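The structure appears below as structure tokens.
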Amino acid sequence: MRLVFEKMPPLMVIGYIGDRDFKILDIDNNEILLESCDLLDDLINKGYHLSIKIFDYNKGEYINFTFEQIHVKNYEVNRYYYIYRIELLGENCHNLYSVVGKVKEIYEFAIHNKTNDMQKKLSHSNLFQGKNTYDYEKDREMYSNFSEQLKDWLSINISNEVNERFRNISPHLELAFSINSPRLYSQFSQGSFSEAIMSNIQKLNISNHGIFSKTFSRVYIGNEFCHNLLPDTDLLMKLFNNALSSGYQITMVLPYLIEENINGIADLIKTIEVWCEKNNTNIEVCINDFGVLKLIDLHNLHIELTLGRLLNKRKKDPRVNLMSSYDRYKQRLGENNLNFPIYSKFLGQKGIKRYEYESYFHKNKIASGKHSMHFPFYQITTSTYCKLYSECTYFNKIKQHLVLNCPKYCEELCFLYPKHLKMIGKGNTTFGFDDTLFINSDMLKEYVDEGVDRLVLSVD
Amino acid sequence: MKIVMPLSNVDFYEPLAEAGADEFFAGIVPFNWLDRYTNMMPFNRREALFHTANFNCMSSLKILRKMVEAYKVPIKIALNSHYYVEEQYPLVGEVIKELMDLGFDTFIIADLALLIYLREVGIDCNIHLSGEMELASSLAIDFMSQFNISRIVFPRKITLDGIGQCISKSASNGMEYEAFMLNGFCMYSGGFCHGIHCDEFPSVCSIPYKIKPIKDKTEKFMKIERMVSITERVKLNKNSILSNNPTSNNGKIDSFEIADTFGSEGCGVCRIRTLMDMGVTHIKIVGRGYSLDVLKNDVGNIKQCINMALEESNSKTFEAVIKDKYFKNGCPNACYYP
């Protein structure tokens, strides 16, 4: 195995004498081996205590063992450091060993198992005792197709009372519909926007939800996650003109920038700028790459910028609650660098005041200002080299390369994941599904109070 | 062209420096960070607790400082989490200052907010922009150049043409460019991956899946759907046979668990000459937390390849020579520069 495991994993066991930290190499019976840059005489002669901090996986925190009495048995001298063998004295030793024993299990498992096997077996060990661990057995249960999966996810049962509460919140929100796939580009370019929106939400059996008591008034056109899923200029103009004539506000959505798509995106932006000027109308442009700022005239009064989801970074793994320290930190997980005033000020100077958030399994800490919330899908991971393309072309997910002329396998095929994870893979991106904004009106009200003034619905 | 090696153990410095490393990158997670945040809010992108990917104390960094003085092979420090939260920026700043006092003055950063913060508070360290920033275009690099950066690390997924264009269009004189070369090929783009990479459960890219139709059935891609389904069944049967017969040579068709050989986890070796011609100054071997034997083997091979590239100016010839020398049975699937 390539990975190195040590008897005392460095991030799980740390030693201190006074306020000087040390790497602990081993703890065996009542002896520790530690590695020190300098001789320890000065610290020991001054009578500083030795502390050992060990990560207690069960508690999800570090516990401290302090030894007031130690005995330096010997030390070895290396060209660059010293290895000290120190005897621990006192009653704390027994408590220490019970925790150390669990930590050493990691090393034992690692040297006898490959990594994935090790994770599986470790989940049944004493170290993980009493903790919720990943249920590998549930990985076998999958849906047979996405439609069945989505139907199950959207089997939302809320009382009339809760639905009424959503209805009451809805007036405070602008509703936007995301037109983000070839299927939707085609549908919306050919017919009435309001009919297309209605047909999509009716198909999903959510049209009676209180959130949708207000009319949609904005469309997001484009795709944040794949450079091959942007409409070409002609199609874009059809969609823009349709939106304008139907009275919808527009947010143009752009993905990451690669050298190969710079010219295409530059042309799109020029086209948009000309269209805005001609129609004397304003639109938003949602950016997912700061390089795009080099293509947009920031003084153009017709264009407002919003910060896309690829630049609104946070941990969005649906299994995060299995981490040992989850309970201690879950309240903090909704926060990120957009809550840092220095950063939001910088973004504001670049003309970016609105941020695109996603409803996911944690409450977002919304930055000050007015912002959007996407639902019910949230992005987990994206690849600029499409995994679905590799699977369908080479039957090998690792054989990846940049695709520019894409047959768009994602129009008909997707990755289905185990039911218990509520994930779906579309083309180059894996999404999670979150129904919070369908079932928790209190959460929606909190978001509205904190500055969310727009909801963006994705159906594809 | 210089080789940038991962470092996660003080005892690896000397043998790797002697084997040909020109620069190291390392991570440290101080205890006061671990105590407050554990790996729930990671200090850098190596979020594991169980295996040795990071240093854990300033004592280790002081030892490394002595080694750097002896060998002159510098070490840069990875501070490449995608983001931090407001209260953490001053803490990160303090750690950077402490490391600078120790003599470590170069940091790999992936959070634009951190970059802005450091420049605003006057911490004038050298900054390499991490591959996690997904700077895959000349425009993105141009945007970032306002922050006094000394090196761009290209993302894992960028074409050769893209690298060439980024370097040739760059207005920054004296900028260094680093490209991924070996190991650590990712299913996804690191900068766009919001999954967790701890050791308590498999990463997102390891979760099993099936490729299925979106609706009840496919129309345009019916044949593809059938082929994919057959391939999945073949893989399943093969894995079932292998798991019942552990002495077999392991190998899912498309898994990294095929042989653990040079390049098997990600390779761009045959493109070294091309990257040299384009102006790439540094190539990166991934492997914080890897064993010394693997890393020594890797750096030794890469060193040889660079020497060969210096003697062979024709990139096509160089490519053929490398493939013949190292990959007679075919290239690894995980190719960085296909």
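In this text, all values refer to a predicted model and were calculated from it rather than measured experimentally.
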Determine whether [X] and [Y] make a side-chain contact, defined as any pair of heavy atoms from C-beta on separated by less than 4.5 Å.
| X | Y | result |
| --- | --- | --- |
| B/S264 | A/R2 | yes |
| B/P208 | A/M142 | yes |
| B/F192 | A/T381 | no |
| A/Y360 | B/H194 | no |
| A/Y256 | B/S189 | no |
| A/F346 | B/L115 | no |
| B/L139 | A/L295 | yes |
| A/Y62 | B/L34 | yes |

Q | B/S138 side chain to A/E259 side chain, donor-acceptor N/O pair below 3.5 angstrom | A | yes
Q.
For a quick check under 3.5 Å, do A/K387 and B/Y188 share a side-chain donor-acceptor pair by atom type?
A.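 Per modelled atom types, A/K387 and B/Y188 side chains form a pair under 3.5 Å.
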Please check if the side chain of [X] supplies one atom and the backbone of [Y] the other of a donor-acceptor pair under 3.5 Å.
| X | Y | answer |
| --- | --- | --- |
| B/S60 | A/F22 | no |
| A/Q400 | B/M187 | yes |
| A/E6 | B/T52 | no |
| B/K157 | A/L402 | no |
| A/Y134 | B/E200 | no |
| B/D142 | A/G291 | no |
| A/N145 | B/D216 | no |

So which part of [X] gets closer than 4.5 Å to some heavy atom of chain B, the side chain, the backbone, both or neither?
| X | answer |
| --- | --- |
| A/L388 | side chain |
| A/L257 | both |
| A/S324 | both |

**Q.** Under the salt bridge (charged side-chain N to carboxylate O under 4.0 Å, His left out) test, residues paired with B/R36 that sit two or more places apart
**A.** none
Shortest non-hydrogen contact from [X] toward [Y]:
| X | Y | answer |
| --- | --- | --- |
| A/S147 | B/I214 | OG-O, 2.9 Å |
| B/N333 | A/N396 | ND2-ND2, 3.0 Å |
| A/K313 | B/G191 | NZ-O, 2.6 Å |
| A/S325 | B/M40 | CB-CG, 3.5 Å |
| A/E335 | B/Y83 | O-CE1, 3.6 Å |
| B/V204 | A/R319 | N-NH2, 3.5 Å |

Q.
Looking at A/K315 and B/E47, is there a salt bridge between them, counting it only when a charged N and a carboxylate O are closer than 4.0 Å?
A. yes
(Q) Could you check whether B/E87 pairs with A/R332 (Lys NZ or Arg NE/NH1/NH2 to Asp/Glu carboxylate O, under 4.0 Å)? (A)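 Answer for the salt bridge query: yes.
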Rounded distance (nearest 0.5 Å) linking atom [atom1] of [X] with atom [atom2] of [Y]:
| X | Y | atom1 | atom2 | value |
| --- | --- | --- | --- | --- |
| A/I398 | B/C335 | CD1 | SG | 12.0 Å |
| A/E260 | B/I158 | CD | CD1 | 7.5 Å |
| B/T159 | A/I258 | OG1 | CD1 | 7.5 Å |
| A/R79 | B/K66 | CZ | NZ | 11.0 Å |

Q) Does A/Y80 have its ring centroid less than 6.0 Å away from the ring centroid of B/Y71? A)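 No; B/Y71 has its ring centre 6.0 Å or more from that of A/Y80.
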(Q) Counting the benzene-type ring for Trp, do A/Y343 and B/Y89 have ring centres under 6.0 Å apart? (A) no
(Q) Please classify the contact of B/Y13 with chain A as side chain, backbone, both or neither, using a heavy-atom distance under 4.5 Å. (A) neither
(Q) If I measure from the heavy atoms of chain A, does B/P213 come under 4.5 Å with its side chain, its backbone, both, or neither? (A) both
Q) With sequence neighbours left out, what residues match B/Y290 under side-chain hydrogen bond (donor to acceptor under 3.5 Å, both in side chains)? A)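 B/E265.
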Q. Among B/H82, B/R65, B/M144, B/E225, which has the most heavy-atom pairs under 4.5 Å with chain A?
A. B/H82
Q) Could you walk me through whether B/F201 and A/Y326 pass the ring pair (Phe, Tyr, Trp, His ring centres under 6.0 Å) check? A) CA-CA 14 Å; B/F201 42 79; A/Y326 174 73; over 10 Å; no
Q.
Just so I understand: if I count every heavy-atom pair under 4.5 Å between each of A/Y329, A/Y394, A/Y409, A/Y417 and chain B, which residue has the most?
A.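 Winner by heavy-atom pair count: A/Y329.
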